[in-house]
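Single-structure report; data block below.
To find a chain, count down the sequence lines: A is the first, B the second, and so on, and within it residues start at 1. The figures here come from the full heavy-atom set of this structure, side chains too, leaving out hydrogens, waters and symmetry mates.
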Number of protein chains: 2
Amino acid sequence: MDKTISPRTMGRLPIYYRYLEELQRMGVDRISSDKLAERIGITSSQLRQDLSAFGQFGHHGLGYHVGPLLERVSDLLGLNQPHRLVLVGAGNLGRAVASYEGFTRRGFLIKRIFDADPQLAGTYIAGAPVAPVTELGAYLAAEPTDVGVIATPATAAQEIADTLVAGGVRAIWNFAPVRLAVPDHVLVEHTHISDSLLLLSLRLHMQD
Amino acid sequence: MDKTISPRTMGRLPIYYRYLEELQRMGVDRISSDKLAERIGITSSQLRQDLSAFGQFGHHGLGYHVGPLLERVSDLLGLNQPHRLVLVGAGNLGRAVASYEGFTRRGFLIKRIFDADPQLAGTYIAGAPVAPVTELGAYLAAEPTDVGVIATPATAAQEIADTLVAGGVRAIWNFAPVRLAVPDHVLVEHTHISDSLLLLSLRLHMQD
DNA sequence: TAGATTGTTAATCGATTAACAATC
DNA sequence: TAGATTGTTAATCGATTAACAATC
């Protein structure tokens, strides 16, 4: 029934999601492809092409209703169902991730945080209890978990990944600057913050 | 003299950089396009096509020398010249960015950190002195700065961006979840950490 | 209705892949 | 030399843009 959504269109879904959310927050309930595309910085042709893959949400002569379209995009992104997460690594980056209020709001629930430092056990970060990383395996055995977030030093990352995989997570969100070896059925999303800086540097350098 | 480098090829430069660095760290000094492409997960055809845009670095029958190729990629990325940065926002994310040792090593020097909390003034984070954000404008007037990093709450981001632009930065690396309005000559790289999680969620959801 | 704007088809453009002659 | 592997050309594939009939 659904048309297939091309990889490039998928890559734009988070962008559409963000802009539509912003429009909703601003109380806009209808927008033309021309206006939205201009805001985002793409052509209206591309926007209509993309949106039409999600189903028919536009109204001839009127534009798109923000609400239903946002609902559809959220749905495609899987945001209308909760995800249970564990976070491993309570350093600065881990804390930053745990503290991002946008996650909870979108159904990404950090159920527990694990850290190598036993001193942190028993404390709470952004409302989530911290436990020693030695208890990660046992926790996962008891509590089904969708996603494991790795915010540890690179040296620890593979071992944590192995424990997460053995514990049955379906996906790993990895911030450690190292490639993880995992079985095919486990998704890995690498977030290389430094890649952004390299691209900025490249763009700066191209200008000269 | 240089062939132009296509946008998609540019986007892969940080990946090439990372893998070549890894090879060099491992002491590998020569690799075929077949082997490197397999490691990265692209076709060898694409790799050769990309690399040929950088100049002639391969040797028929032998493959590519890691050192000179890495040198060339670093050069394209602008890593062979230092960049002066200021970081605004010393919360968890700001601290995580400041503490990433990879930046200093690649010539991204965080000269000073600014924060709204005057209590932090006079302290040091990852070797960089912290000053009150009220001094940002005066600092930039005195110290030419290439890049401003914004790791503040969304509400403060635009005002900081304005101060950075007035202070003459050439680029802004923005972690705040808000679009910044800046003049055309200033580059903005938005790093939306949450976009990664949305894409992970999308991929999880597509599997079902 | 007249005006606006979608959804879609066709045309263009760009990127990836395949293939192989050149060559170390 | 024989074997390996590049650099590049041509073929394929996919994505973007343009254009416009359909329609609210």
Apply side-chain hydrogen bond (donor to acceptor under 3.5 Å, both in side chains) to A:Asp29 and list each qualifying residue two or more places apart in sequence or on a separate chain.
none

Considering just the side-chain nitrogens and oxygens of B:Arg8, establish if one lies under 4.0 Å of OP1 or OP2 belonging to D:dG14.
no

Evaluate the side-chain hydrogen bond (donor to acceptor under 3.5 Å, both in side chains) criterion for residues A:Asp146 and A:His83: first the C-alpha distance (whole Å), next the side-chain angles of each, then the deciding distance (0.1 Å), finally the verdict.
CA-CA 6 Å; A:Asp146 303 299; A:His83 293 93; 5.8 Å; no

What stem regions, each of at least 3 consecutive Watson-Crick or G-U pairs below 3.5 Å, can be found for DNA chain D?
C:3-24 with D:3-24

side-chain hydrogen bond (donor to acceptor under 3.5 Å, both in side chains) against B:Glu22, all qualifying residues, sequence neighbours excluded
A:Arg179, B:Arg39

Atom-pair distance (CZ on B:Phe54; P on D:dG7), nearest Å
12 Å

Rounded to whole Å, CD1 of B:Ile40 lies from P of C:dT16 at a distance of 13 Å

Quick one, give me the B/S/- string for nucleotides 17-24 of chain C, reading 5' to 3', where B means a protein heavy atom under 4.0 Å from the base and S means that only happens at the primed atoms, P, OP1 or OP2.
BBB--BBB

With no hydrogens and no angle check, just 3.5 Å: does a side-chain donor-acceptor pair link B:Asp50 and B:Thr9?
yes

Contact list for residues 53-69 of chain B, test side chain to side chain donor-acceptor pair (under 3.5 Å), sequence neighbours left out:
B:His59-B:His65

Roughly how far, to the nearest 0.5 Å, is CD of B:Gln49 from CD1 of B:Ile42?
11.0 Å

Taking CD in B:Glu38 as the centre, count heavy atoms belonging to other residues, nucleotides or ligands within less than 6.0 Å. Is the count above 12?
no

Kindly compute the distance separating CG (B:Leu198) from CD (A:Glu189), expressed to the nearest 0.5 Å.
10.0 Å

Length of the line joining B:Glu38:CD and D:dT5:P, which is rounded to integer Å:
13 Å

For atom CD of A:Gln81, is the number of surrounding heavy atoms from other residues, nucleotides or ligands below 6.0 Å larger than 12?
yes

At 4.0 Å (heavy atoms only), tell me whether A:Ser44 reaches a base, stays on the sugar-phosphate, or touches nothing.
nothing

Starting at CG of B:Leu69 and ending at P of D:dT6, how long is that distance when rounded to a whole Å?
11 Å

Please state how far atom CG in A:Leu51 lies from atom P in D:dT16, giving the value in whole angstrom units.
13 Å

With a 4.0 Å heavy-atom cut-off, tell me which residues in residues 18-36 of chain B come close to DNA chain C, sorted by residue number.
none

Does a side-chain N or O from A:Tyr64 land closer than 4.0 Å to OP1 or OP2 of C:dG7, or not?
yes

Run the side-chain hydrogen bond (donor to acceptor under 3.5 Å, both in side chains) test on A:Ser44 and A:Ser33 for me, step by step, so that the C-alpha distance in whole Å, both residues' side-chain angles and the decisive distance to 0.1 Å come before the verdict.
CA-CA 5 Å; A:Ser44 62; A:Ser33 58; 4.7 Å; no

Can A:Arg106 and A:Glu101 be said to form a salt bridge (Lys or Arg N to Asp or Glu O under 4.0 Å), step by step?
CA-CA 9 Å; A:Arg106 285 164 197 140; A:Glu101 57 81 38; over 6 Å; no

